There are 2 protein chains.
Amino acid sequence: MTGLDARTLAPHFSRMKAQYDDPAQCPVRNVLDQLADKWSVLIVTTLAERPHRFGELKRAIGDISQRMLTQTLRELQANGMIERTVFPTTPPSVEYRLSPLGRSFLTPLAALVEWAYANHPAIRAAREDFARAA
Amino acid sequence: MTGLDARTLAPHFSRMKAQYDDPAQCPVRNVLDQLADKWSVLIVTTLAERPHRFGELKRAIGDISQRMLTQTLRELQANGMIERTVFPTTPPSVEYRLSPLGRSFLTPLAALVEWAYANHPAIRAAREDFARAA
DNA sequence: CAGCATCCAGGCTGATACTG
DNA sequence: CAGTATCAGCCTGGATGCTG
């Protein structure tokens, strides 16, 4: 039902664990760090729709501070997930769009999103049971 | 090449964004919070192998503090990802194992891990380019 | 418009000490 | 063995003010 069992996945997880002691070198840790940041995910999913300008992104996300938006955009850019294009108009205009790498990331991200929606009821139920037991 | 394009994924992402303003209710945010925590991932992947006792887990992971191990185990348990069994022996022994829900999570997690390994070179290259440009 | 610099409060986390 | 309790430091992240 899960498609893959623990045995099938073991090699991946072992590799991951083997390298976790050097976080900077661990691919999984890098991806996780990116995912860990809720702003990154929100930005990536917003850009999945279409390219956005700085102000557009800020309005689209709503409650992100300017500081966090700038900072997260730089990280995503540094990791090659998004491309930044400056149009030398007056006033200046900057467009952000997903790079091919960033678009390829949408696939595993979608798997996660689907799992989350499919299992959210189970998680909520588990929380209530746990709270009752405590 | 990615299997899914932005258009296909749009519905999921819109739903996600529609709910992000109430973090406690957003399924994706919940899953992300879990992933964000490196200890959670390490524990889940360790338990993917086989059930472990408390001390076993601590040794297997290595650099996790007792505090963080206990705390993260409680969270995972509260979310229904793992099952905790106490054997009333002397001295006491406690076993942790993945629940069916936890095992089902291995699938999307594996997708993420695979993407991470496949694209790590590209990410590293992007970082170097970015550093050079700056 | 698109950003940078600064300041500051709060939460996360590790270290340490103690218990059934 | 498998935890709980307490405390102190760090770093994240928001708010604010300023610039090309």
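By convention in this document, chain letters (A, B, ...) are assigned in the order of the sequence lines, proteins followed by strands, and residues within each chain are numbered from 1. Treat the numbers as computed from the prediction; the structure is a model and nothing was measured.
The two residues B/Ser104 and B/Leu101 make their nearest non-hydrogen contact at OG-O, 2.7 Å. B/Arg50 and B/His52 get closest at one heavy-atom pair: O-ND1, 2.7 Å.
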Could you run down the sub-3.5 Å N/O contacts of the protein with nucleotides 16-18 of chain C?
none

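Within the model, atoms CG of A/Asn30 and SG of A/Cys26 stand 7.0 Å from one another, a figure rounded to the nearest 0.5 Å. The structure places CD1 of A/Ile123 at 4.0 Å from CH2 of A/Trp115, a figure rounded to the nearest 0.5 Å. Expressed to the nearest 0.5 Å, how far CG of B/Asp37 lies from CD of B/Gln71 amounts to 8.0 Å. Between the CE atom in A/Met81 and the OG1 atom in A/Thr72 there is a gap of 12.5 Å [rounded to 0.5 Å]. Between B/Leu57 atom CG and B/Tyr96 atom OH the span is 8.0 Å, to the nearest 0.5 Å.
Between A/Arg29 and B/Val41 there is no side-chain heavy-atom pair separated by less than 4.5 Å. For the pair B/Leu35 and B/Leu112, the minimum side-chain heavy-atom distance is below 4.5 Å.
Across the protein-nucleic acid pair, B/Ile64 atom CD1 and C/dC12 atom P stand 16 Å apart, rounded to whole Å. Atom CE of A/Met68 is separated from atom P of C/dA5 by 14 Å (rounded to the nearest Å). To the nearest angstrom, C1' of C/dG14 lies 11 Å from NZ of B/Lys58.
With sequence neighbours excluded, the residues that form a salt bridge (Lys or Arg N to Asp or Glu O under 4.0 Å) with B/Arg97 are B/Glu95.
Remark on DNA chain D: of its neighbouring residues B/Gly55 and A/Asp37, the 5'-side contact belongs to B/Gly55, judged by nearest-heavy-atom nucleotide.
Within residues 71-88 of chain A, the residues having any heavy atom under 4.0 Å from DNA chain C are, by residue number, A/Arg74, A/Arg84.
Of the candidates C/dG20, C/dA2, C/dC1, the closest approach to any side-chain atom of B/Pro92 belongs to C/dG20.
Cluster membership check: B/Trp39 shares its hydrophobic cluster with B/Val113, using side-chain heavy-atom separations under 4.5 Å among Ile, Leu, Val, Met, Phe, Trp and Tyr. Hydrophobic cluster membership is shared by B/Val86 and B/Phe54, with clusters built from Ile, Leu, Val, Met, Phe, Trp and Tyr side chains linked at under 4.5 angstrom.
Pairs of residues two or more places apart, or lying in two chains, never qualify as salt bridge (charged side-chain N to carboxylate O under 4.0 Å, His left out) while including a residue from residues 73-90 of chain B.
Bracketed by its first and final contacts, the part of DNA chain D lying under 4.0 Å from non-hydrogen atoms of chain A reaches from D/dG13 to D/dG20 in 5' to 3' order.
Note that the two end axes of the helix from C/dC1-D/dG20 to C/dG20-D/dC1 enclose an angle of 50°, each drawn from 5 base pairs, rounded to 10 degrees.
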